[in-house]
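Structure, as structure tokens:
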Amino acid sequence: MTRDWWKHLILILGVIVVIAPFYMMVSYSFKSPGEIDRGEGGFFGRQEMMVDERCVKLRDPSRDDIAAAMDRFPGQTDAAIRTALVAEAEADCSMRPVVFNYSKAFTEAPLLRYLLNGVIVTASIFLIQVVVALPAAYALAKLKFWGRETVFGLVLFCLLIPVHAIALPLYIMLTKLGLTNSYAALVVPWTISVFGIFLMRQFFMTVPDDLIDAARMDGMSELAIVWRVMLPTAVPALMAFAIFSVVAHWNDYFWPRIVISGNRDLFTPPLGLREFKGDADGSFFGPMMATATVIVTPLIVAFLIAQKRFIEGITLSGMK
Amino acid sequence: MAGLKIENITKRFGETDVLKGVSLDIADGEFLSLVGPSGCGKSTLLRIIAGLEEQSSGEIYIGGAPVAGRRAADRNLSMVFQSYALYPHLSVAENIAVPLKMRRLSPLQRLPVLGRFMPGMRHQAAEIGTEITHAAKMLEIAHLLDRKPGQLSGGQRQRVALGRALVRDPTAFLLDEPLSNLDAKLRVQTRAEIAQLHRRLEATFIYVTHDQVEAMTMSDRIAVMMGGRILQCAAPDVVYDDPDTIEVAEFIGSPKINIVPVEVAETGEICLLDRKLDLLAQGRGKGVMSLGLRPEALRLAGEDAPIKGHVVHSENLGAELFVQIDAAGLGHPLTFRAAPRDRQALALGAPVGLAFDAAQALLFGADGLRVRDVRHHLPTQAEVA
């Protein structure tokens with residue numbers, strides 16, 4: 001044992017704290033409701049066949065069903081046919097808990113639609129943020145103009161304003177413009193990212209002036225310099241910003257909950273979780289956790305692909 | 001191709017005067033070096049010529065036309081930067097292509113993916129391709145065209161930067177210390193190559209450097225800058241042999257020129273260490289002046305030498321020997337260039353006598369300006385005794 005064991009101990013404890021909810025989420029998405037209630041079954045649950053009560057109830061045979069089934073069960077009483085039909089329904093409606101949870105996640109709510117909405121919203125936010133932030137950051141980092149320091153001071157000042165503080169005025173403005181319940185309501189308030197401007201400005205400060213002068217000598221306009229020279233050199237910083245931006249807006253529950261009321265076609269993935277919030281008859285934790293797992297999977301995949309860049313980005317910015 | 005004329009350029013950064021009225025005439029096809037210590041304003045002057053910086057006053061004419069207010073891109077000058085400033089995300093070929101593309105292609109044709117399908121693009125692309133190949137062959141970088149700048153050595157990057165500069169056939173080349181990031185050996189080699197390139201292209205070159213050796217070896221003319229002014233602008237041998245001021249004499253030449261104080265009598269006779277020299281500076285009155293002696297102007301002499309001292313340090317360069325001699329009565333040691341055959345006599349601590357030919361001595365007044373009206377008079381027998 002090295003003498004640094006206590007550092008590892010603290011780190012391991014930290015990891016447990018971070019991982020535990022995630023572990024619960026994935027584990028619940030595998031288990032049957034009974035196992036979740038009783039807290040048993042380990043990580044994967046026992047995966048015994050379970051019967052979906054609602055499915056059976058929906059197929060509860062009516063008089064017509066029984067009459068129609070007469071041919072298949074010749075010479076039997078109605079009660080016996082009914083029992084046989086219920087048994088058939090139960091057989092059809094029984095499945096492994098994992099299948100139950102994930103199929104519920106996709107059938108109970110239009111989860112694919114939510115995922116698509118999530119992609120549309122996060123991608124538009126990020127693209128517009130880049131279109132705004134890059135020229136702004138370039139001007140703040142490399143152009144000399146009167147009042148530049150003041151403008152940069154304002155950018156820093158805006159970093160201090162929490163979104164929740166201005167949520168209400170924003171909501172009122174969007175309502176007056178009649179934009180609530182639209183993609184615009186989800187996208188527009190986030191299009192100017194002062195954090196993005198700040199991050200890119202700090203990165204552009206490190207780009208040598210000679211490179212920009214060379215581009216000017218080569219005949220590029222200032223905007224051409226932004227898109228043809230600064231953007232390609234700033235890819236690592238841009239990746240870091242992309243991760244901050246995409247993670248924040250993909251996972252955002254607060255803002256979509258405010259501006260999207262009713263129209264399920266505009267729900268983003270986190271809003272989809274509410275579908276399984278049972279009111280009287282208890283919550284469907286299994287399908288709910290399956291939905292949560294489906295929602296975070298794209299981010300985890302993206303993280304694994306961009307892991308190296310992600311770490312680079314964080315050391316570059318070292319904040320937020 | 002055209003000449004450049006710089007007229008009374010000044011530049012202020014806040015309270016500091018960086019350039020204090022600089023005027024220069026650069027002929028078509030000339031290789032002019034701006035040389036001076038760091039902070040003398042030479043790079044600022046180059047950036048003003050390029051249009052990257054605006055002058056506070058004065059005017060620049062390229063090919064006879066004033067260029068005030070014209071963007072850097074529209075002056076048709078090309079520049080090679082100290083850091084090379086290659087686009088890190090583009091290959092060598094793409095780097096060289098940038099100035100051509102920016103000039104010849106329409107904005108639509110420059111679009112990232114769609115541009116390829118714009119009308120006339122194929123012909124243009126082929127033309128640009130030929131010119132890149134031509135430039136690459138001239139600089140012997142044809143085999144590197146597909147690489148990224150990050151995969152190149154310093155010397156190769158330097159060639160790519162030159163390629164990007166020369167591919168579009170500019171009015172003049174501006175070079176801002178292009179050799180200072182290379183190692184010593186490569187610098188000597190590239191120096192010769194740039195000089196050859198200049199002869200071959202017959203274009204105007206303006207070359208900024210703090211290294212007087214580069215300026216001496218490559219240029220048609222040298223402009224020595226100090227404190228925001230051009231002190232002297234002349235051919236290298238003139239600047240070396242016949243400097244206008246003591247600063248120029250001290251800056252040009254390696255090792256540095258020896259400056260020794262001399263006394264001038266009322267009669268104009270000049271005394272070094274109480275010994276009369278065969279020089280006369282008449283009509284200047286009594287006072288102290290400075291005498292500049294190049295290391296090669298000194299020679300070993302016997303007992304009756306005017307300067308006597310002993311060896312404190314010596315540097316053997318193989319073909320020649322630079323010896324530091326601490327002379328009695330002079331504040332600092334003198335540098336003397338000796339032939340290798342004298343090495344035995346110049347051991348550390350050995351007593352040495354030094355003499356010089358008065359014709360090779362440079363006299364400077366108390367104000368640092370050169371005193372040219374010097375007469376040589378042969379000493380009479382009586383004086384020598």
Is it the side chain or the backbone of B/Ser78 that comes within 4.5 Å of chain A heavy atoms, both, or neither? backbone
Heavy atoms from other residues, nucleotides or ligands near CD1 of A/Ile192 exceed 12 (cutoff 6.0 Å): no
Does B/Asp183 have more than 12 heavy atoms from other residues, nucleotides or ligands lying within 6.0 Å of its CG? yes
Okay, B/Leu90 and chain A: the region with an atom under 4.5 Å from a heavy atom over there is neither
What's the spacing between B/Tyr84 OH and A/Asp210 CG if we round to 0.5 Å? 11.5 Å
Quick one: NE2 on B/His89 to CZ on A/Arg228, what's the gap to the nearest 0.5 Å? 8.5 Å
Flag the one option from A/Ser221, A/Ala224, A/Ala214 with the top tally of heavy-atom pairs under 4.5 Å to chain B. A/Ala214
Side-chain heavy atoms of A/Leu211 within contact of B/Pro88, under 4.5 Å: yes
Within a 6.0 Å radius of atom CZ on A/Phe145, are there more than 12 heavy atoms belonging to other residues, nucleotides or ligands? yes
Could you walk me through whether B/Arg47 and A/Asp213 satisfy the side-chain contact (heavy atoms from CB on, under 4.5 Å) test, starting with their C-alpha distance in whole Å, then the side-chain angles of each, then the deciding distance to 0.1 Å, before giving a yes or no? CA-CA 9 Å; B/Arg47 291 172 57 81; A/Asp213 285 338; 2.6 Å; yes
State the CZ-CG distance between B/Arg164 and A/Asp218, to the nearest 0.5 angstrom. 5.0 Å
To the nearest 0.5 Å, atom NZ of B/Lys101 lies from atom CE of A/Met220 at 10.0 Å
Side chain / backbone / both / neither for B/Arg71 at chain A, heavy atoms under 4.5 Å: side chain
B/Arg103 versus A/Met217, closest heavy-atom pair with distance: NH2-O, 3.7 Å
